Amino acid sequence: QKGFASLTEYQEHLARQRQKKALNQRLGYLLKQRLTELGKTQRWLAEQLGITNSAVSRYLSGKTTPRKSLQEKLFTIIDTPCQTLEGILDETK
């Protein structure tokens, strides 16, 4: 945390770093695309997953990725052939 004025500033820095990761960007893009294709909202997705709307928002923005225990359910709900986060990256190659 050296070089940061506060813990909040440090956490914001870490969030910006995560948003630059190809995996986080690709997941966010995939989720936005599938929700649009399905005519669904992030609130709908949150309800289907049993998580908060803000958690889904963090996935869409690339700030975080879902924990492993939620990934299969997520990909099933959005009806995509990917079943793992690594599969998302493999699809783009």
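Quick caveat: nothing in here was measured; it's all calculated off a predicted structure.
Using modelled atom types, no side-chain atom of Gln25 and backbone atom of Gly62 make a donor-acceptor pair closer than 3.5 Å.
Annotation: side chain of Thr64 is in contact with side chain of Tyr59 (closest heavy-atom distance under 4.5 Å). In this structure, the side chains of Leu31 and Leu74 come closer than 4.5 Å at one or more pairs of heavy atoms. Residues Glu9 and His13 have side chains not in contact (no heavy-atom distance under 4.5 Å, counting atoms from C-beta outward). The shortest side-chain heavy-atom distance between Phe4 and Leu14 does not fall under the 4.5 Å cut-off.
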Derivation of the side-chain hydrogen bond (donor to acceptor under 3.5 Å, both in side chains) call for Arg67 and Ser69: CA-CA 6 Å; Arg67 62 187 182 274; Ser69 62; 3.2 Å; yes

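With hydrophobic clusters built from ILVMFWY side chains whose heavy atoms lie under 4.5 angstrom apart, Tyr29 does not share a cluster with Leu35.
In this structure, OG1 on Thr52 lies 5.5 Å from CZ on Arg58, to the nearest 0.5 angstrom. Rounded to the nearest 0.5 angstrom, Trp44 CH2 and Leu49 CG are separated by 8.0 Å. Between the CD1 atom in Ile78 and the CD atom in Gln33 there is a gap of 9.5 Å [rounded to 0.5 Å]. Taken from CG in Leu60 to CG in Leu30, the straight-line distance is 10.0 Å, to the nearest 0.5 Å. Between atom CG of residue Asp79 and atom CD of residue Glu37 there is a gap of 10.0 Å, rounded to the nearest 0.5 Å.
Closest approach of Gln42 and Ser57 over heavy atoms only: NE2-CB, 3.5 Å. The nearest pair of heavy atoms linking Gln48 to Ile77 is CB-CD1, 3.6 Å.
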